[in-house]
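Residue numbers start from 1 in every chain, and the chains themselves are labelled A, B, ... in the order their sequence lines are given, proteins ahead of strands. Quantities reported herein were computed from a predicted structural model and do not represent experimental measurements.
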Amino acid sequence: MKKIILICCAVLAWVPQSWARINVTGLPGRDTVQLTIYNSADLTLVKETRVLTFKQGLNRLEFSWANTLIDPTSVEFRALTNADKVEVLDVSFPPRVTNTLEWRIQSEVAGEVKVEIRYFTSGISWNAEYVAEADAGEKLMQLAGSVRINNQSGEDYENAQVRLVVGVIRLVENIVDLARQAGEQGAPKPNAGAPPPMAPGMRAELGRGMNRAVAEMEDKKREIVKEALSEYFLYTVEGRDTVPHGWAKRMPSFVAKEVPVESYYKYEKEQYGNAVMRYYKFKNDEKSKLGKEPLPDGGVMAFRLATLDKLYAFVGRTRVKYIPIGEAVEMELGNDAEVMVKPKLMNWEKDEVRFDQNGNPSGWSTKEQWEIELQNSKAIGVVVDVRRNFGGDWEVASDDQYEKVDATKIKYVVPLKAGEKRTIKYTLTTRLGNNARK
Amino acid sequence: MHTHRLFSLLGLILAVSAAEARVKLVALPDRARVVVSLANLDATLVEEERVLTLQKGVNQVDFAWRGVSIDPASIQLRMLDQPDQVQLLNTSYPPNENALIWAISSPVARAERMRISYLLQGISREVVYRAVSEPDEKSLALRNYLRVRNNSGEDLENAEIGVGYGKDFKRSIQHQEVLELLSERVDQLPIKKILTWDAGQMPWDPEYEKNTIGVPLSYVIKNDKASKLGAHTLQPGKVRIFIKTKEVAEGDAAPGEGVAFTGEDWGQLTPVDREMKLYIGQSRDVKVTQRKTTDERINLRRNNGNSVVMWDQNEVYKVEIENFKTTAVTLVIVEHIPGYWKMIESTLKYEKKDAFTIEYTLDLAPKTTGDKKTVLNFNVRRMNVQGNEPSNY
């Protein structure tokens, strides 16, 4: 429902101010509307254009927005035609009237003037959603991204151009708070005040209305044009969309086929307990058929094509963080019991005892022999990353290749073929008390 | 009775043609195929196929559900016949409703097979095993069942139900129905029967016990080719074990065969080539007595104040085992030795399971009691003891 109303009150210079609001000469609708929706904050920049008819002299414009989530401090007006002849003298927020402002505009011309009104609203959000579809061997995947716009702003925006901003902006005050302060009784709570459920025919009718613009314009998939902007990325959805209050809409953003993916497993007791965690690893670069844009943070549904007729096996769902171009990504997909990692302490010794001048033990060393059994019960090859954490003055000896991650961590990265079993072994020496050299 | 809660009321297709703003309602066809995948323990994936008659241009397909719990974010739509031509333009989600509307474009009027995939709550599965052992307890017949419980609110007709291994089942499963499906059967599966006496858990001296000590009895199944298994990981589930018995003949009839229940356990997840050990009961015909016969501090190290600050603990254990059974049996003795230790002497061979655990596997001959009892002595030395050792390493 439309709740933002613009009333054009043309008055002659000599008419007392108190008469102004009565003298309604027109109620122009929006000609165009553009939504620039941010995903890092509850903020949408709305830009609308309308054609108003001005009288020469002083004009009053009343702008009201009951039951919406507009920040009154953000509303701006400018003339697009005859810009040098139309001037905003001042703006007032009348007493005892909530969610209304009034511009006093001096016009040197009489007739139609195209104007732009800009304001911030909260209640419209967008997020990215992805579907990862791995092939049976989990070597390649199709990654499909879409964007989902959710309108809980209280206002219906029809035929809007939608732009989405990927990036983190700073707000010192929340738009929703500013909106609420302005009209305690008027502003809806997010997710509240949505229309009640509709009869099927009605929903269909509304759905038809929502997509009429699409139908009239084209019946192929619309592009989402992406461009870099400062530290942000701007997605512009081709064409126009209608997203009524309470509705959400999902639109495809991109599909990348044959993205190389690695089925990667991690075991780290301190992080995941005894579970072996499963990841799909890929890179957001051109070599990987991606890399055209940063991938916004969002939810992922991951499937594997399990059969020749492409039935899905559900792998897991997760969230990815914001992925810059060129960055490697790990999608965590939960625990997988088909890959086993079982560390076992096979021997423990306490030796190299040192005594102080009083004859009391002041240092010793422990030597631990560990065996880690690895088993891949899957029908496809995987890579297992096993991490071990140590404290104090430690030293590891191992015939199996490992990498020191930092001062307290090592990792083994072990590829395992389908059905393969392996055991990796290491000896950990820890020097304690006066034996410690660091 | 309700049947399909998906589309039950709201199965409509709306075709909007670019040329004429004509609205056409088309009844949604029944499901052509339903596949239920229970392979992922966290979520049940349902895939259904329907053939939709599309108009040229943009078609609106309304997908709604009532009385079932579907994760709306999980719903996927794939075109199966002409995925390059028939395209999903967008998806709209109406407020406060379990519904969505797909806008699908088609270059021509055509029938298109579509697959809808979603995660459906309320369908759970468990694996249960039933086994009948031969009287000699050397082999058993194993039956592996998949038990599917449908509390989703939806009746699934002729569903292909799969669990990620073996072949799929094609069955109907009604809301609130529990279906038990035989997924695997193996006859004459060799088993090991073992008794396990764990020194950390069992009383050492039966003389002081009011009741006869029962030694835990287990069957061990190996998930490998030699056991006619080894094709996939055995899923966790309850295992009930029966044993074949002869029944007493009545009248002139020949004696029949029956079974007796010998116990049950939770089978653990068992990857290929690993063992599933099922603790199903106790044996009271094997008696184990363990005593510590030496416990002394040696190799004392003193500080300048003549206090002992470090020593070695010399321990000798004697374990006597009697088998009152008329059959041979395998007994595993488990000993826990903390800290840094060395075995000085052991009269029987042991296997070190980990740093602090050793096991003796003893094949006890029938009726080895009294003078014929099995005796194990071992002398272990715990080194560099300070008296402040942690209880767990």
Would you please classify the geometry between the A/Y235 ring and the A/W126 ring as parallel, tilted or perpendicular, with 30° and 60° separating the classes? tilted
Between A/E129, A/Q357, A/R317, the one whose heavy-atom pairs under 4.5 Å with chain B are most numerous: A/R317
If you count heavy-atom pairs under 4.5 Å with chain A, which of B/I104, B/L41, B/D71 comes out on top? B/D71
Side chains of A/I372 and A/T423: closer than 4.5 Å at any heavy-atom pair? no
Could you tell me whether the side chain of A/Y280 reaches within less than 4.5 Å of the side chain of A/V320, counting heavy atoms only? no
Side chain, backbone, both or neither: which part of B/S117 has a heavy atom under 4.5 Å from chain A? side chain
Ring-plane angle category for A/Y312 and A/F303, please: parallel below 30°, perpendicular beyond 60°, tilted otherwise. parallel
Which bit of B/M310 is near chain A, if near means a heavy-atom gap under 4.5 Å: side chain, backbone, both or neither? side chain
The interface call for B/K342 against chain A, heavy-atom contacts under 4.5 Å, is neither
Most contact-rich option vs chain B, by heavy-atom pairs under 4.5 angstrom, among A/M251, A/Q369, A/K378, A/K421, is A/K421
Apply side-chain hydrogen bond (donor to acceptor under 3.5 Å, both in side chains) to A/K310 and list each qualifying residue two or more places apart in sequence or on a separate chain. none
So what's closer than 4.5 Å to chain A heavy atoms on B/R115: side chain, backbone, both or neither? side chain
Per-residue contact mode, B/Q85 against chain A (heavy atom under 4.5 angstrom): neither
Using non-hydrogen atoms and a 4.5 Å limit, figure out which bit of B/N384 sits close to chain A: side chain, backbone, both or neither. both
Between B/L119 and chain A, which part of the residue has a heavy atom less than 4.5 Å away: side chain, backbone, both or neither? side chain
Which bit of B/V35 is near chain A, if near means a heavy-atom gap under 4.5 Å: side chain, backbone, both or neither? side chain
For chain B, which candidate among A/A306, A/G299, A/P361 shows the most heavy-atom pairs at distances under 4.5 Å? A/P361
Of all of B/T357, B/L80, B/T233, B/T44, which one pairs up most often with chain A through heavy atoms under 4.5 Å apart? B/T233
Pairing of B/E48 and B/R33 as salt bridge, 4.0 angstrom limit: no
Distance col, row A/E368:CD vs A/T427:OG1, nearest 0.5 angstrom, shows 10.0 Å
Quick note, salt bridge (charged side-chain N to carboxylate O under 4.0 Å, His left out) partners involving residues 349-358 of chain A, not counting sequence neighbours, are A/K350-B/E389
